[in-house]
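Worksheet for the structure shown next.
Numbers restart at 1 for each chain; the letters A, B, ... are given by sequence-line order, proteins then strands.
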Amino acid sequence: MFKPPPAVKVSPSRPMEPPGSSLFNDHAADKRERLKSNVGYVKSMISRATPAQQAKNEKEFNDVVADYKTLRNLKDYCVHVDLDAFYAQVECLREPKYTRLPMAVGGDSMLSTANYPARKFGVKSGMPGFQAKKLCPQLVILPCDFKLYHKASWSFHQVLSKFDPDVRMAGLDEAYLNLSNFVADAPDGYSMNTVAYDGECQCNRPRKDDITEDDEVISSGDITCTICGMAQLYFNCTMNFSPGIDGMIRMLRMEVAMRTNLSCSAGIASSYYLAKVCSDINKPNGQFILPGDNDALDTFILSSPLKLFPGIGPTSSNSLAEFGIKTVADLLNHKKNLRFMVSNSQYYLLTRIVAGVDCPPDETEESTNETDNGIDSGKTVGTESTFTPTSNQAELVSLIRSFAKSAIESAKGDGVTSVGILFVKVKLGSYDVHTCSQKFNEQVPLTNVELLQNVSETLLTKFIAKQGKKDIRLLGVRYGELGMAPLSKVQTGLKSFLNKPTVGGRCVKRRKLEENTDPVTVIDLE
DNA sequence: ATACATACC
DNA sequence: TACTGGTATGTAT
C-alpha cells in the first residue's frame, strides 16, 4: 500500500510547563476535585456493601454479559473506515508543501486537526492553537474550510457506496460498511486498475512502491502533478489483492486514495462497535482485522484500555481509573462493585463492551423520533459563540438576540418551520455552564423572529438577575421539538448525504441511502 | 418540565 | 491575549 511521504525530521519538543493559574485551569481543577470527592463517596459505600449484595451484583454482571454474548455474530464483516487527520489532509491537496511540515487546522483558540508531522511535537486536535505553538513554534495553522471538507467527504462517500450501497456516514470523515456478503464472492481475490506515481511529486497518492511483482504495469510516462505542479512519473497498472476481507479492504483504501487523494484507515470486526476501535490501531493509512473468533475477541477486548471504547470519555475513564480500572480485564475484577461506580446506562455500555456486541437486545428496531404531526422531538438546532468575557448587559442582550436570529436561519436551512422549545446556554468567565429553557404551549413558527428573540432575552436577563453581575464568555440559543417541512422539499444541500449522527457508534443502525449513480469525481479545489 | 453532565467529531 | 461549535443522550430533581 502507499504510504505518506516521510515527515521532516525535527528536534523533539521541550516538556510541557506545569499548568499555571488561569480561570480555565482552576475550572479543570475544580472538576477533578468533584470527581475525586464523588469517587470517595462511592468507595465508602462499597466498604459498607454486604457480601450478599456483592454476590448478587457479580451474578447480575455475569448473566448480562452471557446474555449479550449470545448476540455475537462472528460471521459478520463490519468495517469502519476513517480518513486520516481529515481536515489537514484535505488542506494538503491545496497546499502540498504542508504534507511534510507541521500544520494544523483551526485557530489560536482551538485546533480541529493536526497533521502527523505536527503530532510528533505533541500537537493534538482539541488543543488550543496558542499552546500548540508553544510546543511547535513553526506550526502553521490554517483556518477551517468546511465547504471543501464537505466536497472531499462526498467523494469519499461515493467510493464507499460502491462497496456497500448501504454505507452509513458518521460525520464527514468516517463511515460504517457491512461487507459480510461481499467478501465470500471472490475466491481468487480482487484486481483493480490503478495509477501509481513516483518522482518529485510527494502528494498523498498511490506510490510506485505500492506496486508489487504480482501487479502488472500496463504503461508508464512522465507528467506534471496536477496538485503540486511537480514532476511526476506515472504507472498505469493492474493491482492484485488477496482474496478475503484483508485484500478487499486494501483495495477499498486504494480506491479511496485514487479517487480522493486521501489516505484512510480501516477496522474490520464482527461488530460495528469493535470495528471502530480497530480502525484506530494502525492509523494512519493502515488497517486492522479482529478475527471473528470467540477467543480472539475475548483476548482483544480484555487487554484493551477502556478509554479506547466509544462512549468512555475522559470523565468516565478518569473516574474508573480512580477505582483502579484501566482495562476491560480490570473491569472484570470489579464486577461485584461496578453497580456502585457507574450509572445504569454506563453499566450496560460496559457490559456490552465486555461481551463485544453492538446493541442491547430489543433495541435493534429502526427508530425515528418523528411523531405523526411532523414534530421531531429528538432533534435540536442552535448557534453558540464564545467572545471576550463581559458582564455588560446591553451587549449580552444584543448578542443573544443575534444568536436567536442565526439559530433561526440555521434551522430554516434544515427544513424546520416551527419550534416547541427554546434553550439558552450561558458559559461564565469561570467556565461554568448553565442552561435555561422554555417550552411553548404551542409550536412557534420560525417567522415569529421577535418572539423567539424576546424569549431568549428574557431567559438571559432572568438568569443574570439570579446570578448577579458576572462575566460571561459564551452565549447560545438552541431550538427543539422541531416542526419539519415535508422531507421532499429539504434534502438537497451538500450535507444531505450525511445521516443523523449516532453517538460514538455505540448503537449503529443502518439506514438506506439514495442510490448513487453519479461518477466519482476528484475533489474540486475551487 | 427544567437543569446539568457527558460524549463525539 | 488566547481553551470551539453543533448535536445527542442520560441523570437528577
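Distances shown here put a side-chain N or O of A:S316 below 4.0 Å from the OP1 or OP2 atom of B:dA7. Considering only side-chain N and O atoms, A:R478 lies under 4.0 angstrom from the phosphate OP1 or OP2 of C:dT7. Taking only side-chain nitrogens and oxygens, A:R473 comes nearer than 4.0 Å to OP1 or OP2 of C:dT4. Close to B:dC9, at under 4.0 Å from its OP1 or OP2, lies no side-chain N or O of A:S112. Contact annotation: A:T380 reaches the phosphate of C:dA8 (side-chain N/O to OP1 or OP2, under 4.0 Å). Side-chain N/O atoms of A:S343 include one lying less than 4.0 angstrom from OP1 or OP2 on C:dT11. In terms of phosphate contacts, A:S437 brings a side-chain nitrogen or oxygen within less than 4.0 Å of OP1 or OP2 of B:dA3. Distances shown here put every side-chain N or O of A:T388 at or beyond 4.0 Å from the OP1 or OP2 atom of C:dT1. Listed pair A:H434 / B:dC4 meets the phosphate criterion, a side-chain N or O lying under 4.0 Å from OP1 or OP2. Residue A:K276 places at least one side-chain N or O closer than 4.0 Å to OP1 or OP2 of B:dC9.
Protein atom CZ of A:F146 is 9 Å distant from nucleotide atom P of C:dG6, rounded to whole Å. As rounded to whole Å, 17 Å separates atom P of B:dT6 from atom CG of A:N344. Whole-Å rounding puts the A:I312 CD1 to B:dC8 P distance at 8 Å. What separates CG of A:N38 from C1' of C:dA12 is a distance of 13 Å, to the nearest Å. A:E33 has its CD atom 16 Å from the P atom of B:dA5, to the nearest Å. Rounding to whole angstrom units, CG of residue A:L308 and C1' of B:dC8 are separated by 15 Å. In this structure, A:I353 places its CD1 atom 13 Å from C1' of B:dA7, rounding to the nearest Å. The CZ atom of A:F463 sits 16 Å away from the P atom of B:dT2 (whole-angstrom rounding).
Within 4.0 Å of A:S385, counting heavy atoms only, lie sugar-phosphate atoms of the nucleic acid but no base atom. Among the atoms of the strands shown, base atoms are found under 4.0 Å from some heavy atom of A:T435. Within 4.0 Å of A:Y431, counting heavy atoms only, lie sugar-phosphate atoms of the nucleic acid but no base atom.
Taking atom P on both C:dC3 and B:dC8, the two are 23 Å apart, rounded to the nearest angstrom.
If A:F130 and A:V381 are placed on DNA chain C by their nearest nucleotide, the residue sitting closer to the 5' end is A:F130. Along DNA chain B, the nucleotide nearest to A:L459 and the one nearest to A:P314 differ in position, and the one closer to the 5' end is contacted by A:L459.
Contact annotation: the side chain of A:N57 never approaches that of A:L338 to less than 4.5 Å [non-hydrogen atoms, C-beta and beyond]. Taking the side chain as every heavy atom from C-beta outward, A:F440 and A:L422 approach each other to under 4.5 Å. Inter-residue side-chain proximity for A:Y348 and A:V64 is flagged as met; some heavy-atom pair is nearer than 4.5 Å. Proximity of A:C436 to A:F423: side-chain heavy atoms (C-beta onward) are nowhere separated by under 4.5 Å. With contacts defined as side-chain heavy-atom distances shorter than 4.5 Å, the pair A:L308/A:L306 does not qualify.
Distances from the side chain of A:L474 to the nucleotides C:dG5, B:dC9, B:dT6 place C:dG5 closest. With C:dG5, B:dA3, C:dC3 as the choices, the nucleotide that has an atom nearest any side-chain atom of A:C436 turns out to be B:dA3. Checked against C:dG10, C:dG5, C:dA2, the side chain of A:S345 finds its nearest nucleotide in C:dG10. For A:T315, whose side chain is taken as the heavy atoms from C-beta onward, the closest listed nucleotide among B:dT6, C:dG5, C:dC3 is B:dT6.
A:Y87 and A:F146 have perpendicular rings, their planes meeting at more than 60° on a 0 to 90° scale where under 30° would count as parallel.
Distance alone, capped at 3.5 Å, places no donor-acceptor pair between the A:S279 side chain and the A:G267 backbone.
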